[in-house]
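Below is one structure; the comments refer to it alone.
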Amino acid sequence: MPVEVALAQLLALAEAAPIVESESVALADGDGRVLAEDLVASLDLPPWPNSAMDGYALNLADWSGEPLPVSQRIFAGQAPEPLQPGTCARIFTGAPVPQGADCVEMQENAQVQADDRVLFTEALSVGQNIRPQGQETTAGETVLSAGTRLGPIEQGLAASLGAATLKVIRRVRVAVLSTGDELVEPGQPLGPGQIYNSNRVVLCSWLQRMGCEVIDAGILPDDLPETRQRLAELGAVDLILSTGGVSVGEADFLGIALREEGELALWKLAIKPGKPLTFGHFRGVPVIGLPGNPASTLVTFALLARPYLLRRQGVQEVAPLKFQVPAGFVWAKPGNRREYLRGRLDQGRAIIYKNQSSGVLRSAAWAEGLVEVLEGSTLVEGDWVGFIPLSEVLG
Ligand code: AMP
Ligand code: MG
């Protein structure tokens with residue numbers, strides 16, 4: 001199954017199960033959350049014309065080449081008097097432009113005479129150095145629409161409009177499960193044949209960054225009754241996200257439990273790393289089963305599970321930023337799956353980590369992004385490849 005097809009199916013499933021409950025959060029707590037309603041400007045921005053410079057406000061009609069007396073001083077935060085005809089006003093950046101003034105000359109172009117009058121030598125024009133009322137926003141305009149993911153910049157925009165609280169979609173509750181008898185938590189001694197569980201912390205931290213409520217459901221042993229019971233104990237969550245145990249190996253009990261108590265689609269994705277992916281329901285709760293190899297978990301979470309989670313919250317733009325860069329490596333053997341190589345930019349060219357095994361998480365720690373090599377293609381240096389910065393998707 002091509003990646004786009006899998007993504008389209010997941011997004012359709014997400015749209016069929018939207019999370020609509022909302023809550024009000026303090027502006028400062030909005031980071032990573034999704035707006036539940038349009039943010040409509042309650043005022044013009046700026047609310048009044050203000051000066052873009054430290055300088056002098058005057059009326060162009062009063063400017064004859066003769067120096068003008070200064071009739072008032074206007075600092076930011078003050079309410080000015082109307083400008084007296086035949087004068088100028090000392091004004092500072094951000095201060096309201098007085099009624100009757102139609103331009104501001106910056107102080108560098110103004111010569112203060114011995115008698116304190118000010119001579120303007122450069123050409124002036126109407127509106128110069130004035131930020132007009134409503135240039136950013138006018139009252140009643142929708143500034144951010146419902147479904148917008150909030151970050152520091154959106155929070156700032158809301159703040160500039162005076163919003164102290166924001167209506168956001170409630171946190172998505174995601175249960176994270178790691179499957180596999182071989183897994184041991186860091187801090188415990190390793191027995192024979194055992195490895196440390198790395199996917200758990202990757203997904204828990206990542207989901208937290210995304211603003212989800214994480215239910216860390218620990219390690220699930222490779223055992224059918226236990227799998228059934230532990231899934232049943234999870235209770236009311238919006239998504240069960242598991243890793244491992246989803247290929248067609250003998251120890252893939254998650255798949256068996258889903259078939260018995262819900263439904264299961266097992267997709268063989270044309271993606272590398274990350275071929276096997278499960279989508280199903282356990283007693284009505286959506287389940288995404290990511291492949292267990294750490295690099296596979298990362299790639300499939302970034303490209304499939306993350307967009308799904310965002311779309312559940314009503315986010316429309318879920319595709320990560322991807323740009324084209326020249327390859328700084330050679331790709332001689334065309335593959336039948338789309339590759340997402342862990343790579344970096346080196347003088348504008350994509351280079352890749354030496355070991356692209358799906359078990360090697362270090363490749364991703366080294367990387368700055370995922371380098372996309374399309375199925376069936378070979379590359380020589382300088383050919384264009386897609387580059388998805390990891391910083392784009394890690395939150
Ligand atoms: P599986 O999909 O269960 O067959 O696992 C594929 C590979 O990923 C195996 O080598 C597992 O040991 C490894 N693996 C599975 N889950 C984890 C995990 N949580 N942390 C680290 N490696 C894992
Ligand atoms: Mg396993």
Side-chain angles (χ1 to χ4, degrees), residues 1 3 6 174-209 212 214-231 234 239-260 264-280 282 287-306 337 339-342 353 355-367 390 394:
M1 184 186 285
V3 188
V174 184
V176 175
L177 275 171
S178 317
T179 71
D181 277 343
E182 73 279 30
L183 301 178
V184 175
E185 287 308 326
Q188 305 297 312
L190 272 188
Q194 295 185 314
I195 60 167
Y196 286 119
N197 181 0
S198 61
N199 288 337
R200 177 187 191 174
V201 72
V202 168
L203 292 180
C204 288
S205 295
W206 200 338
L207 288 162
Q208 259 150 19
R209 279 195 177 189
C212 297
V214 180
I215 294 96
D216 180 352
I219 297 172
L220 201 59
D222 291 319
D223 173 76
L224 186 57
E226 175 92 13
T227 300
R228 265 197 226 110
Q229 193 195 328
R230 293 273 299 280
L231 287 173
L234 290 175
L239 177 70
I240 299 169
L241 185 64
S242 75
T243 61
V246 293
S247 49
V248 277
E250 275 172 37
D252 292 337
F253 295 104
L254 184 75
I256 300 171
L258 291 185
R259 264 195 208 97
E260 287 181 356
L264 167 81
L266 192 62
W267 295 338
K268 286 204 177 74
L269 302 181
I271 186 176
K272 191 177 174 187
K275 184 158 127 192
L277 191 119
T278 298
F279 185 88
F282 182 83
V287 181
I288 294 181
L290 304 176
N293 274 309
S296 307
T297 300
L298 178 133
V299 166
T300 50
F301 184 84
L303 299 180
L304 296 160
R306 179 179 179 275
R337 293 188 274 159
E339 304 247 2
Y340 289 94
L341 306 166
R342 276 72 69 214
Y353 192 72
N355 185 337
Q356 293 289 334
S357 159
S358 60
V360 176
L361 189 57
R362 204 169 160 192
S363 61
W366 176 89
L390 280 174
L394 280 171

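Order of listing sets the numbers, starting from 1, for every ligand and every atom in it. Along the sequence shown, residues are numbered consecutively beginning with 1.
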Tell me whether [X] has any N or O atom under 3.5 angstrom from an N or O of ligand 1.
| X | value |
| --- | --- |
| Arg200 | no |
| Ile195 | no |
| Ser178 | no |

If you count the atoms of ligand 1 from 1 in the order shown, which ones are under 4.0 Å from a heavy atom of [X]?
| X | value |
| --- | --- |
| Gly245 | 1 (P), 2 (O), 3 (O) |
| Gly244 | 1 (P), 2 (O), 3 (O) |
| Ser198 | 20 (N), 21 (C) |
| Tyr196 | 20 (N), 21 (C) |
| Asn197 | 18 (C), 19 (N), 20 (N) |

Examine distances only and state if a side-chain atom of Asn199 and a backbone atom of Thr243 form a donor-acceptor pair shorter than 3.5 Å.
->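 No, Asn199 side chain to Thr243 backbone: no donor-acceptor pair under 3.5 Å.
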Are any side-chain N or O atoms of Glu226 and backbone N or O atoms of Asp223, one a donor and one an acceptor, separated by less than 3.5 Å?
->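 Here the side-chain-to-backbone pair does not exist.
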Should Ser178 and Asn197 be marked as a side-chain hydrogen bond (donor to acceptor under 3.5 Å, both in side chains) after you check the CA-CA gap, both sets of side-chain angles, and the distance that decides it?
-> CA-CA 8 Å; Ser178 317; Asn197 181 0; 3.0 Å; yes
Taking all atoms of both residues into account, what is the closest heavy-atom pair of [X] and [Y], and its distance?
| X | Y | answer |
| --- | --- | --- |
| Gly292 | Thr297 | O-OG1, 3.6 Å |
| Thr300 | Gly274 | CG2-O, 3.7 Å |
| Ala257 | Thr227 | CB-CG2, 3.9 Å |

Take the angle between the ring planes of Trp206 and Phe301 and call it parallel below 30°, perpendicular above 60°, tilted in between.
->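 If you compare the ring of Trp206 with that of Phe301, the planes turn out tilted.
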Can a non-hydrogen atom of Gly180 be found less than 4.0 Å from any atom of ligand 1?
->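 The answer is no, since Gly180 has no heavy atom less than 4.0 Å from ligand 1.
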Would you tell me which option among Asn293, Leu290, Thr297, Asn199 has the nearest heavy-atom contact to atom 16 (N) of ligand 1?
->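 Looking at heavy atoms only, Asn199 sits closest to atom 16 (N) of ligand 1.
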Check each of Gly292, Gly359, Pro291 against atom 13 (C) of ligand 1 and report the one with the nearest heavy atom.
->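 Residue with the shortest heavy-atom distance to the ligand atom: Gly292.
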